K.L.:
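This is the structure I have questions about; it appears just below.
Remember, predicted model here, so these are calculated numbers, not experimental data. Residue numbering restarts at 1 for every chain, and letters A, B, ... go by the order of the sequence lines. The basis for the numbers below is simple: all heavy atoms, side chains too, and nothing from hydrogens, waters or symmetry mates.
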There are 2 protein chains.
Amino acid sequence: MSSGTRDLLVEAAARLLDEGGVEGVTLREVGRMAGVSHNAPYKHFASKQALLAAIAARDLARERDAIAAQTTPATPPEQALRVVLRHYADWALHYPARFKLAFGAWQAASPELDQAAHEAQALLTGIVAAAQEAGALPAGDPVRLAALVRALAHGAADLASAGHLAPDGKGHAGPGDLIDDMLLYLRQAAASGGASTGLCDQDGGRAIQEVAQ
Amino acid sequence: MSSGTRDLLVEAAARLLDEGGVEGVTLREVGRMAGVSHNAPYKHFASKQALLAAIAARDLARERDAIAAQTTPATPPEQALRVVLRHYADWALHYPARFKLAFGAWQAASPELDQAAHEAQALLTGIVAAAQEAGALPAGDPVRLAALVRALAHGAADLASAGHLAPDGKGHAGPGDLIDDMLLYLRQAAASGGASTGLCDQDGGRAIQEVAQ
DNA sequence: ACCTGAACACCGTTCAAGT
DNA sequence: ACCTGAACACCGTTCAAGT
């Protein structure tokens with residue numbers, strides 16, 4: 001429903017984005033693929049940036065739904081966290097241009113974009129909090145810890161997408177490997193310094209004091 | 001020495017990059033700022049992408065030198081690691097366009113770019129290895145662990161630069177905070193599962209076994 | 001060896017119309 | 001309400017000359 005032309009334009013732009021990056025997205029080519037004139041997009045979007053923002057909003061909403069779909073209430077939180085972070089990295093590697101558009105600086109901010117991104121982050125934070133309660137992650141503000149694990153997945157995916165993750169030859173670590181490493185280290189940190197287990201409290205507490213000065 | 005025009009062109013392009021992003025870099029404006037015609041750049045660079053690559057190569061070499069300068073042999077490796085990672089994030093926040101250009105996908109690869117990036121990564125790996133020996137980081141392949149800490153600094157800086165790190169209000173965590181958190185967790189993991197200290201060997205070993213299946 | 005001016009193809013955007 | 005065709009300003013790149 002609604003005018004199908006708008007969806008056709010977004011679909012055509014997304015395809016051009018995958019093929020030739022953001023520089024390959026041309027309003028003239030978008031119109032040609034959608035079967036309209038080269039400036040028909042201006043009847044549906046205020047500018048080219050607004051069309052790109054529509055792609056980002058669609059992708060962010062899909063990612064949010066994918067997170068929700070991949071994590072049923074029955075899945076252990078540690079496994080759910082790994083699946084979500086790996087999906088984040090996989091999506092970045094498969095659709096680098098759309099990834100950079102969705103998670104880059106939005107030239108044209110829209111409530112749709114903000115809401116979808118916020119909801120996805122809230123879902124991740126919930127998984128992190130559940131993993132904390134299960135003892136798989138260190139205690140502390142789940143919002144802050146969710147930002148940390150997301151930052152690592154984002155950085156590993158972005159560097160790998162640009163070919164800057166493993167300058168050396170074979171046997172290198174991919175984004176998924178780094179995510180696994182981090183989850184292992186966080187689990188060890190939870191066992192060492194966390195209040196949930198109580199093991200090694202004296203040493204973990206000392207390390208916290210030192211770093212916090 | 002050499003033709004000063006080339007350096008003037010790179011300098012002008014870098015300034016335009018800081019002011020208006022990569023879209024603000026125009027060969028016509030670059031030529032105008034350097035006092036030459038709009039296509040004089042083609043006598044020094046094969047294309048606009050080659051000019052942008054020259055900016056990236058200059059910045060990567062400067063970052064490599066900054067890493068080397070900030071870490072004298074006398075500095076404790078843990079402090080050196082924190083300084084280097086924080087500098088990485090600070091640079092991304094102050095010069096987002098140049099950061100994305102230097103660490104993004106290079107359209108025109110050059111030996112200069114590859115060498116500078118490789119040397120900077122080698123310096124970071126050396127610091128990581130020293131921190132491992134000091135017991136501040138978990139044991140294991142230093143190349144892989146250096147990739148992990150770099151990925152977190154990169155992701156935190158990139159997300160913060162785009163405004164996607166802390167969607168909520170005040171009291172949020174910046175890239176520097178996430179870097180500190182990670183270094184703390186890694187220190188705790190080193191104390192828990194590392195072979196260097198010997199503390200909590202039984203528990204750390206079990207966690208490793210579980211995750212590795 | 002380095003630079004210029006004109007020219008070409010292309011693009012984002014606007015505008016006056018059309019239905 | 002949605003679309004078209006012409007037009008404008010701009011840009012990357014090329015080319016024939018100039019010194």
K.L.:
Would you tell me if any nitrogen or oxygen in the side chain of A:T5 comes within less than 4.0 Å of OP1 or OP2 on D:dC2?
P.N.:
no
K.L.:
Does A:E11 come within less than 4.0 Å of A:R58, counting only side-chain N to carboxylate O?
P.N.:
yes
K.L.:
Separation of A:R6 atom CZ from D:dA1 atom P, in whole Å?
P.N.:
17 Å
K.L.:
Report yes or no: does A:K48 contribute a side-chain atom to a donor-acceptor pair with the main-chain N or O of A:V25 at less than 3.5 Å?
P.N.:
yes
K.L.:
So what does B:V25 touch, heavy atoms closer than 4.0 Å: a base, only the sugar-phosphate, or nothing?
P.N.:
sugar-phosphate
K.L.:
Would you say B:S37 places a side-chain N or O within less than 4.0 Å of OP1 or OP2 belonging to C:dG5?
P.N.:
no
K.L.:
Rounded to the nearest Å, what distance is computed from the CD atom of residue A:E29 to the C1' atom of nucleotide C:dG12?
P.N.:
15 Å
K.L.:
Give a yes or no on whether a salt bridge exists between B:E78 and B:R187, defined as a side-chain N under 4.0 angstrom from a carboxylate O.
P.N.:
yes
K.L.:
If you compare every side-chain N and O of A:K43 against the phosphate oxygens of D:dC3 (OP1, OP2), does one of them come in below 4.0 Å?
P.N.:
no
K.L.:
Check whether the side chain of B:N39 and the base of C:dT4 form a donor-acceptor pair under 3.5 Å.
P.N.:
no
K.L.:
Answer yes or no: does a side-chain N or O of B:H38 lie under 4.0 Å from OP1 or OP2 of D:dT13?
P.N.:
no
K.L.:
Using whole Å, report how far CZ of B:R28 lies from C1' of C:dC11.
P.N.:
13 Å
K.L.:
Rounded to whole angstroms, how far apart are CG on B:L16 and P on D:dG12?
P.N.:
11 Å
K.L.:
Let me know the distance between CG of A:L27 and P of D:dG5, rounded to the nearest Å.
P.N.:
17 Å
K.L.:
Go ahead and name the base partner of D:dA7; Watson-Crick or wobble counts if both distances stay under 3.5 Å, otherwise write none.
P.N.:
C:dT13
K.L.:
With both distances under 3.5 Å as the test, what is the Watson-Crick or G-U wobble partner of C:dG18?
P.N.:
D:dC2
K.L.:
Of the candidate nucleotides D:dT14, D:dC3, C:dG12, which contains the atom at the shortest distance from the side chain of B:Y42?
P.N.:
D:dT14
K.L.:
Donor-acceptor pair, distance only, cut-off 3.5 Å: does the side chain of A:E29 make one with the backbone of A:L16?
P.N.:
no
K.L.:
When the distance from CG of A:D7 to P of D:dC2 is rounded to whole Å, what number comes out?
P.N.:
13 Å
K.L.:
Could you work out which one of D:dC3, C:dC2, C:dT13 sits closest to the side chain of A:K48?
P.N.:
C:dT13
K.L.:
Side chain of B:D158, backbone of B:G155: donor and acceptor closer than 3.5 Å?
P.N.:
no
K.L.:
What is the distance, to the nearest angstrom, from the CZ atom on B:F45 to the P atom on D:dT14?
P.N.:
16 Å
K.L.:
Let's see if you can work this out: which of C:dT4, C:dT13, D:dG12 has an atom nearest to the side-chain heavy atoms of A:S47?
P.N.:
C:dT13
K.L.:
Starting from P on C:dC10, measure out to CD on A:E23 and report it in whole angstrom.
P.N.:
16 Å
K.L.:
For D:dA17 versus C:dC2, give the span between their P atoms, rounded off to a whole number of Å.
P.N.:
22 Å
